[in-house]
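What follows is one structure encoded as structure tokens, with my remarks underneath.
Since this is a predicted model, take the numbers as computed values, not measurements. Reckoned from all heavy atoms, side chains included, excluding hydrogens, waters and symmetry mates.
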Amino acid sequence: MSTKATRLPARTGTGDPVKAVSVISTGSVEIHPEHAYGSRKPLYWWLLTSRRWLPPRPINVYVIEHANGLVLFDTGQDRASVTDPSYFPGGFNGVVYDRLAKFHIAEHETLDAQLGTLGYSTADVDKAVISHLHQDHIGGIPHLGGSELLITRAEWDQLSGFSPEGRGFLRSHIDVPGARWKHIDFTTDVDLTPFPRAFDVMGDGSILLFPTPGHTPGSISMLVRRRELPPLLMVGDLTYEAGLLERRQLPGVGDRGELARTTDKVLTLAEHLPGLVVLPAHDPTAAQRLIDSSRRPQ
């Protein structure tokens with residue numbers, strides 16, 4: 001699978017604060033069909049018994065070049081997870097992580113190396129929005145000491161709940177020295193049905209965060225509004241393919257009730273924002289759809 005960055009510059013001279021939107025990939029991941037498409041079986045049953053794996057899909061990080069700083073949505077998977085035998089916990093939790101996913105991350109697929117294909121480095125990142133705290137979204141945190149890391153309080157609280165490692169939260173790779181965490185609140189009134197309030201990342205309405213619980217209690221999504229191009233909605237792991245969300249097919253990891261309610265909200269938002277492009281974290285079609293969304297009518 002190619003992990004070459006896809007850079008999509010906005011038209012110059014428009015005065016749009018969003019100058020470009022790109023997708024880079026910190027490697028690829030294989031997951032079980034039940035993970036992506038859902039299952040009637042209990043999670044641990046299919047996780048420990050399934051023998052089928054889907055083709056590798058990207059571990060996407062979205063890069064927004066804003067007039068006032070570089071913003072990331074998620075930070076990908078740490079290459080140490082495939083090179084350091086001590087990265088994951090041992091015992092039963094270790095078995096669960098081993099069964100959950102198979103990662104493939106080459107030397108040129110680190111967050112810093114992939115940002116380099118765009119002419120940036122991790123030192124250039126002003127803010128990183130963390131959709132949720134699972135391993136394949138927090139891998140770049142140890143390398144973003146100068147960046148503001150945006151997270152919800154509900155998500156951060158998962159680190160102090162019962163058995164965080166057993167629920168997918170590797171605190172030793174999240175709560176690291178030097179990390180500048182900011183717990184956000186959704187206090188900005190916005191006229192976007194069905195989300196009455198949001199967090200305004202840059203203070204100009206161009207990048208908004210919404211609560212989208214389900215995959216985890218504190219999951220968030222990010223809306224990027226471009227003046228002359230379709231809006232973009234990065235949804236993390238709410239779904240694993242945009243087409244699945246459109247069909248309201250829920251994934252196999254998370255709270256099904258919350259996933260259903262949040263999916264309905266996103267579909268309602270799409271009705272009110274014509275042309276909305278939904279960009280999941282592991283959708284193999286995301287890069288192409290991002291390209292298509294930036295092609296202006298002739």
Side-chain angles (χ1 to χ4, degrees), residues 26 43 59-62 64 69-78 80-81 87-89 93 96-97 100-101 111 122 125-188 190 195-203 207-223 233-238 251 253-255 257-259 261-262 265-266 280-282:
T26 61
L43 186 151
I59 306 169
N60 287 330
V61 174
Y62 295 97
I64 297 85
L70 193 69
V71 179
L72 303 184
F73 185 76
D74 284 330
T75 69
Q77 178 86 0
D78 193 340
S81 66
Y87 187 88
F88 293 107
N93 285 340
V96 170
Y97 280 98
L100 182 66
L111 179 62
T122 50
V125 176
D126 182 57
K127 302 176 189 292
V129 176
I130 310 300
S131 68
H132 64 289
L133 290 174
H134 285 165
Q135 56 169 317
D136 49 333
H137 301 261
I138 56 89
I141 287 172
H143 311 288
L144 292 169
S147 310
E148 188 175 60
L149 307 174
L150 307 183
I151 193 75
T152 63
R153 171 63 69 177
E155 191 69 5
W156 188 261
D157 286 348
Q158 300 309 302
L159 298 182
S160 55
F162 173 75
S163 184
E165 289 187 341
R167 293 180 292 111
F169 303 102
L170 299 174
R171 182 163 193 146
S172 62
H173 303 303
I174 296 169
D175 192 10
V176 298
R180 297 173 50 211
W181 290 99
K182 178 177 180 177
H183 299 148
I184 64 169
D185 294 311
F186 304 99
T187 57
T188 299
V190 291
F195 296 102
R197 286 174 295 278
F199 178 84
D200 190 340
V201 175
M202 304 305 283
I207 304 177
L208 299 174
L209 304 181
F210 301 118
T212 51
H215 183 67
T216 64
S219 288
I220 52 180
S221 295
M222 185 167 83
L223 178 67
L233 185 68
M234 292 87 174
V235 297
D237 287 355
L238 175 63
V253 176
D255 182 302
E258 287 280 27
L259 284 167
R261 286 186 287 273
T262 294
K265 286 186 176 182
V266 169
H282 305 294

- Pair Glu155, Ser219: side-chain N/O donor-acceptor within cut-off below 3.5 Å: no

- Item | Ile141 side chain reached by Trp181 side chain, heavy atoms, under 4.5 Å | yes

- Item | Other residues, nucleotides, ligands: >12 heavy atoms within 6.0 Å of Lys265 NZ | no

- The single option from Thr26, Asp237, Thr75 passing side-chain hydrogen bond (donor to acceptor under 3.5 Å, both in side chains) against His137: Asp237

- Can we call the ring centroids of Phe88 and Tyr97 under 6.0 Å apart? yes

- Query: For Tyr87 and Asp78, what are the C-alpha separation, side-chain angles and deciding distance, and is it a side-chain contact (heavy atoms from CB on, under 4.5 Å)?
  - Reply: CA-CA 10 Å; Tyr87 187 88; Asp78 193 340; 3.7 Å; yes

- Message: Please give me the minimum heavy-atom distance between Val176 and Pro142, naming the atom from each residue.
- Response: CG2-CA, 4.3 Å

- Closest approach of Asn60 to Pro280 (non-hydrogen atoms, all atoms of both residues): ND2-O, 3.8 Å

- Hey, what do you get for CG (Asp175) to CH2 (Trp156), rounding to the nearest 0.5 Å? 4.0 Å

- Below 4.5 Å, heavy atoms only, C-beta onward: do Met234 and Ser131 meet side chain to side chain? no

- Message: Side chains of Leu111 and Leu72, heavy atoms from C-beta outward: is any pair under 4.5 Å?
- Response: yes

- Within a strict 4.5 Å, meaning less than it, do heavy atoms of the Leu259 and Leu238 side chains meet? yes

- How long is the gap from NE2 on His173 to CG on Leu133, to the nearest 0.5 Å? 13.0 Å

- Considering only heavy atoms from C-beta outward, does the side chain of Asp255 approach that of Pro213 to under 4.5 Å? no

- Any donor and acceptor pair, going by atom type alone, linking the side chain of Ser147 with main-chain N or O of Val125 inside 3.5 Å? yes

- Ignoring hydrogens and angles, state whether a donor on the side chain of Asp74 or His132 is under 3.5 Å from an acceptor on the partner side chain. no

- Item | Main-chain N/O of Thr187 paired to Asp185 side chain as donor or acceptor, under 3.5 Å | no

- Message: Go through it in stages, so that I can follow the logic: the residues are Phe186 and Phe199, the test is ring pair (Phe, Tyr, Trp, His ring centres under 6.0 Å), and I'd like the CA-CA distance, side-chain angles, deciding distance and then a yes or no.
- Response: CA-CA 5 Å; Phe186 304 99; Phe199 178 84; 7.5 Å; no

- Item | Heavy-atom side-chain proximity of Leu70 to Ile64 below 4.5 angstrom | no

- Would you say Thr188's side chain and Arg197's backbone share a donor-acceptor pair under 3.5 angstrom? no

- Considering non-hydrogen atoms only, spot the tightest contact between Leu144 and Ala128 and give its length. CD1-CB, 4.2 Å

- Indicate whether any N or O donor in one side chain lies under 3.5 Å from an N or O acceptor in the other, for His282 and Asp136. yes

- Query: For Thr212 and Val235, what are the C-alpha separation, side-chain angles and deciding distance, and is it a side-chain contact (heavy atoms from CB on, under 4.5 Å)?
  - Reply: CA-CA 8 Å; Thr212 51; Val235 297; over 6 Å; no

- Item | Donor-acceptor contact below 3.5 Å, side chain Arg167 vs main chain Phe162 | yes

- Heavy atoms of Phe73 and Gly236 approach each other most closely as CE2-N, 3.8 Å

- Query: What's the verdict on side-chain contact (heavy atoms from CB on, under 4.5 Å) for Val129 and Met222, showing C-alpha distance, side-chain angles and the deciding distance?
  - Reply: CA-CA 8 Å; Val129 176; Met222 185 167 83; 3.9 Å; yes

- Scanning both residues in full, the closest heavy-atom pair of Gln158 with Pro217 reads NE2-CG, 3.5 Å

- Side-chain donor or acceptor of Glu258 paired with backbone N/O of Gly254 under 3.5 Å: no

- Would you check if Leu208 and Val201 make a side-chain contact, meaning some heavy-atom pair closer than 4.5 Å? no

- Can you measure from CG (Leu209) to CG (Leu223) and round to the nearest 0.5 angstrom? 9.5 Å

- Message: Looking at Thr152 and Gly218, would you say the former's side chain and the latter's main chain have a donor-acceptor pair under 3.5 Å?
- Response: yes

- Query: Counting only N and O atoms by type, is there a donor-acceptor contact under 3.5 Å from the side chain of His143 to the main-chain atoms of Thr122?
  - Reply: no

- Task: Anything under 30° is parallel, anything over 60° is perpendicular, the rest tilted; go ahead and classify Phe169 against His134.
- Result: tilted

- Message: side-chain contact (heavy atoms from CB on, under 4.5 Å), that's the test. Do Ile151 and Ile184 meet it? Break it down for me.
- Response: CA-CA 6 Å; Ile151 193 75; Ile184 64 169; over 6 Å; no

- Query: Atom NZ in Lys182, atom CD in Glu148: separation rounded to 0.5 Å?
  - Reply: 4.5 Å

- Item | Pairwise distance CG(Leu159) to CD1(Ile174) - rounded to 0.5 angstrom | 5.0 Å

